[in-house]
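Just follow the structure's listing: the first ligand is 1, and inside any ligand the first atom is 1. In what follows, every heavy atom counts, from backbone to side chain, and hydrogens, waters and symmetry copies are set aside. This one's a predicted model, so the numbers in the text were calculated from it and none came from an experiment.
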Amino acid sequence: MSAPKKLFIKTYGCQMNVYDSERMAEALGGEGYVETKSADDADMILLNTCHIREKAAEKVYSELGRFKGLKAEKPDLKIGVAGCVAQAEGEEIMRRQPLVDLVVGPQSYHRLPEMEAKTRAGEKVLDTDFPEEDKFEKLKNRPKAKRGPTAFLTVQEGCDKFCAFCVVPYTRGAEVSRPADRILREAQDLVERGVREITLLGQNVNAYHGAGPNGDLTLAQLIWELDKIDGLERIRFTTSHPNDMQDDLIEAHGTCAKLMPYLHLPVQAGSDKILKRMNRSHTAESYIRLIERIRAARPDILISGDFIVGFPEETEEDFQATMDLVEEVKYGTAYSFKYSTRPGTPAAERPQVDPAAADDRLQRLQALLTRQQREVQDSMVGREVGVLFEKTGRLPGQMVGKSDYLHAVHVADCNRDAGELARVRIVSSGANSLAGELIG
Ligand code: SAH
Ligand code: SF4
Ligand code: F3S
């Protein structure tokens, strides 16, 4: 038997890329590859890329440049680019960087094994099609190896919303939902391998409408099906769009014990003028009313968000409206970005905001969000929460896990294993995590 070939995958971008990288590694596992943590001893390097902002895309070219020496030393080394930059700039990558052997867009991953074989025969291959078939069904099954307590599971992919700043509808294609039975089968398999918490993924995960035995299921209906799986303790989902937040999903937050009290619900901006120009099709007011309804169903839910500052034509007054919205909502966590011009998107053509003004706004917004985040975290002190332990801590006897609200929690003198769920009383709040003690 020949020695296994080694695969090095580097993943950028969102959780969906993390999930895709796992599936690609498993598919190439069937072709005799094992994963390695170092590019230096790899027979194949795969960069799973992100195109969301300019910096993310540029990283790919600088990373590729670094592999030049490696390829010179090892002519059999194959280098591939996957993910959203591959989809958006596949031909340009091949042109700009001759050491790339393979370019594969997110909808063609099931063809990776045959593409790999072609590169071994000396060919260069590029596949950025949007085929009709379910790639995850065609990708080789996950091997039955034991897994950690948490896992991602893609249930929906693509986006039809076309926000004026965003590349995702072009890189991931139209909204598609996977059939419910396949998701349930995959979830059951994950649980049998040790997973206790599953995060359902989709670019617009709450637009999920996958086929079920009696017609399409909503995301809430899918969650209730997952709720029946013994051994699955926690369910999360991300990312939701405010316009797809249906009543049954809001209700499930109040009634489904396995559905965790955490919701990432990006709003992007607080000015209706800017929201309109972003093509978000919701207003600041409708978003705030929606948050109120969600909190009525689950009062302790932790709300998370995404924000863009410096969108074309954003004035100081518009920015102030974003600050006002943040003050009103009170976020438990949030991600904020300076607008990045993406070629081919409608906003790229519009009058741009002075970069210094945008930097200044980002700083002010981040200061406010950090303060809120800390307040929400500090308010956990004295409360009892569920913690799913994931690993041992740095101190002897310490375990680290995530609370129901997704805060990192350290527990000292903890006689529990990874994968165990325990009740914990929070005793203090640190810079980025909480400390707690086991109850009972
Ligand atoms: N599907 C999700 C997330 C999309 S990408 C949603 O609808 O919210 C994640 C985040 O990146 C977005 O929420 C947005 O805040 C940010 N983003 C997207 N395009 C951007 C751009 N051109 N410049 C800066 N931030 C951007
Ligand atoms: Fe991008 Fe908007 Fe779609 Fe989210 S909803 S992926 S921000 S186009
Ligand atoms: Fe990036 Fe593509 Fe995800 S652009 S954020 S990797 S969907």
> So which heavy atom on Arg120 is nearest to which on Asp43, and how close?
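In this case the closest contact between Arg120 and Asp43 is NH2-O, 3.1 Å.
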> Using a 4.0 Å cut-off to any heavy atom of Tyr339, which atoms of ligand 1 qualify?
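Checking each atom against Tyr339, I get 23 (N), 24 (C).
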> Can you sort out which atoms of ligand 1 are near Arg342, meaning under 4.0 Å from one of its heavy atoms?
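Ligand 1 atoms under the 4.0 Å threshold to Arg342: 22 (N).
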> Does Lys118 NZ have over 12 foreign heavy atoms under 6.0 Å away?
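No.
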> Starting from atom 6 (C) of ligand 1, locate the nearest protein heavy atom and write down its residue, its atom name and how far away it is, to 0.1 Å.
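Checked against all protein heavy atoms, atom 6 (C) of ligand 1 sits closest to Thr239 CG2, 3.9 Å.
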> When you look at NZ of Lys391, are more than 12 heavy atoms from neighbouring residues, nucleotides or ligands closer to it than 6.0 Å?
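Counting other residues, nucleotides and ligands, NZ of Lys391 stays at 12 neighbours or fewer.
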> Could you tell me which atoms of ligand 2, counted from 1 in the order shown, lie closer than 4.0 angstrom to a heavy atom of Phe165?
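Reading through ligand 2 atom by atom, the close ones are 7 (S).
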> Would you compute the distance between atom CG of Leu126 and atom CE of Met94 and round it to the nearest 0.5 angstrom?
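The distance works out to 5.0 Å.
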> Give the contacting part of Phe337 toward ligand 1: side chain, backbone, both or neither, where contact means a heavy-atom distance below 4.0 Å.
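Contact part for Phe337 vs ligand 1: side chain (C-beta onward).
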> Can you tell whether the side chains of Glu92 and Arg96 come within less than 4.0 Å, N to carboxylate O?
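Result for this pair is yes, salt bridge flagged.
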> Name the closest protein heavy atom to atom 23 (N) of ligand 1, giving the residue it belongs to and the distance to 0.1 Å.
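Looking at atom 23 (N) of ligand 1, the protein heavy atom closest to it is Ser340 N, 2.9 Å.
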> How many N, O or S atoms of the protein are nearer than 2.8 Å to atom 2 (Fe) of ligand 3?
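That number is 1, waters not included.
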> Quick one: does atom 12 (C) of ligand 1 have a protein heavy atom under 4.0 Å from it?
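So atom 12 (C) of ligand 1 has protein heavy-atom neighbours under 4.0 Å.
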> Would you say CG of Asp354 has more than 12 non-hydrogen atoms from neighbouring residues, nucleotides or ligands within 6.0 angstrom?
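Check passes, neighbour count above 12.
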> Scan the side chains in residues 326-334 for donor-acceptor partners under 3.5 Å anywhere in the protein, sequence neighbours excluded, and list what turns up.
| residue | atom | partner | partner atom | Å |
| --- | --- | --- | --- | --- |
| Lys330 | NZ | Glu375 | OE1 | 3.0 |
| Tyr331 | OH | Tyr287 | OH | 2.9 |

> Do the ring centers of Tyr170 and Phe162 come within less than 6.0 Å of each other?
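Here the rings of Phe162 and Tyr170 have centres that are less than 6.0 Å from each other.
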> His51 vs Glu89, test: side-chain hydrogen bond (donor to acceptor under 3.5 Å, both in side chains). Steps then yes/no.
CA-CA 9 Å; His51 199 242; Glu89 301 181 0; 3.1 Å; yes
> Closest non-hydrogen protein atom to atom 24 (C) of ligand 1, residue and atom name please, with distance?
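The closest heavy atom on the protein side is Lys338 O, 3.4 Å.
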> Which residue supplies the protein heavy atom nearest to atom 2 (Fe) of ligand 2, what is that atom called, and how far is it?
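Answer, as residue, atom name and distance: Cys163 SG, 2.3 Å.
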> Could you tell me if Arg23 sits above the aromatic ring of Tyr109, with its cationic atom closer than 6.0 Å to the ring centre and no more than 45 degrees from the axis?
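Judged by the rule, Arg23 and Tyr109 form no cation-pi pair.
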> For Glu313, does the CD atom sit with more than 12 other heavy atoms under 6.0 Å from it, leaving out its own atoms?
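For Glu313, atom CD is crowded (more than 12 foreign heavy atoms under 6.0 Å).
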> Among all protein heavy atoms, pick the one closest to atom 3 (Fe) of ligand 2 and tell me residue, atom and distance.
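Its nearest protein heavy-atom neighbour is Cys159 SG, 2.2 Å.
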> Looking at every heavy atom in both Ala358 and Val309, which two are closest together, and how far apart are they?
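Reported closest heavy-atom pair: O-CG2, 3.8 Å.
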> May I ask you to check if any N/O/S atom from His241 comes under 2.8 Å of atom 3 (Fe) of ligand 2?
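No N, O or S atom of His241 is closer than 2.8 Å to atom 3 (Fe) of ligand 2, so no.
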> Looking only at protein heavy atoms, identify the closest one to atom 9 (C) of ligand 1 and say how far it is in Å.
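Nearest neighbour among protein heavy atoms for atom 9 (C) of ligand 1, to 0.1 Å: Asp306 OD2, 3.7 Å.
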> Closer than 4.0 Å to some heavy atom of Pro169 - which atoms of ligand 2 meet that?
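Those of ligand 2 that fall under 4.0 Å from Pro169 are 8 (S).
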> What's the shortest distance from atom 15 (O) of ligand 1 to any protein heavy atom, and which residue and atom give it?
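Residue, atom and distance for the closest contact: Gln268 OE1, 2.7 Å.
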> With a cut-off of 6.0 Å (strictly less than), are more than 12 heavy atoms of other residues, nucleotides or ligands near NZ of Lys68?
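Atom NZ in Lys68 is not crowded, with 12 or fewer foreign heavy atoms closer than 6.0 Å.
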> How far is atom 5 (S) of ligand 1 from its nearest protein heavy atom, and which residue and atom is that?
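Going by distance alone, atom 5 (S) of ligand 1 is nearest to Ile52 CD1, 3.5 Å.
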> For ligand 2, which atoms have a heavy atom of Phe162 less than 4.0 angstrom away?
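Checking each atom against Phe162, I get 8 (S).
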> Could you identify the single nearest non-hydrogen protein atom to atom 1 (Fe) of ligand 2 and state the distance to 0.1 Å?
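It is Cys166 SG, 2.3 Å.
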> Of the backbone atoms (N, CA, C, O) and the side-chain heavy atoms from C-beta on, which set of Arg53 has a member under 4.0 Å from an atom of ligand 1: side chain, backbone, both, or neither?
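Arg53 to ligand 1: side-chain contact only, backbone stays beyond 4.0 Å.
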> Can you sort out which atoms of ligand 1 are near Pro266, meaning under 4.0 Å from one of its heavy atoms?
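Under 4.0 Å from Pro266, ligand 1 has these atoms: 8 (O).
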> Exactly one of Glu22, Glu186, Glu192, Glu390 should register a salt bridge (charged side-chain N to carboxylate O under 4.0 Å, His left out) with Arg147. Which one does?
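So, applying the salt bridge (charged side-chain N to carboxylate O under 4.0 Å, His left out) to Arg147 and each of Glu22, Glu186, Glu192, Glu390, only Glu22 qualifies.
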> Closest non-hydrogen protein atom to atom 1 (N) of ligand 1, residue and atom name please, with distance?
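Ranked first by proximity to atom 1 (N) of ligand 1 is Gln203 O, 2.7 Å.
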> List ligand 3 atoms under 4.0 Å from Gln203, heavy atoms only on the residue side.
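What qualifies from ligand 3 is 7 (S).
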> Return the CG to CG distance between Leu249 and Asn206, rounded to the nearest 0.5 Å.
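Between atom CG of Leu249 and atom CG of Asn206 there are 6.0 Å.
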> Under the 6.0 Å and 45° cation-pi test, does Arg364 pair with Phe319?
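Geometry flag: not set, cation outside 6.0 Å or 45°.
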> Distance under 4.0 Å to a non-hydrogen atom of Val168: what atoms of ligand 2 satisfy this?
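By the 4.0 Å cutoff, the relevant atoms are 6 (S).
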> For Glu91, does the CD atom sit with more than 12 other heavy atoms under 6.0 Å from it, leaving out its own atoms?
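No, because the 6.0 Å sphere around CD of Glu91 holds 12 heavy atoms or fewer from other groups.
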> Name the closest protein heavy atom to atom 20 (C) of ligand 1, giving the residue it belongs to and the distance to 0.1 Å.
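Answer, as residue, atom name and distance: Phe165 CD1, 3.7 Å.
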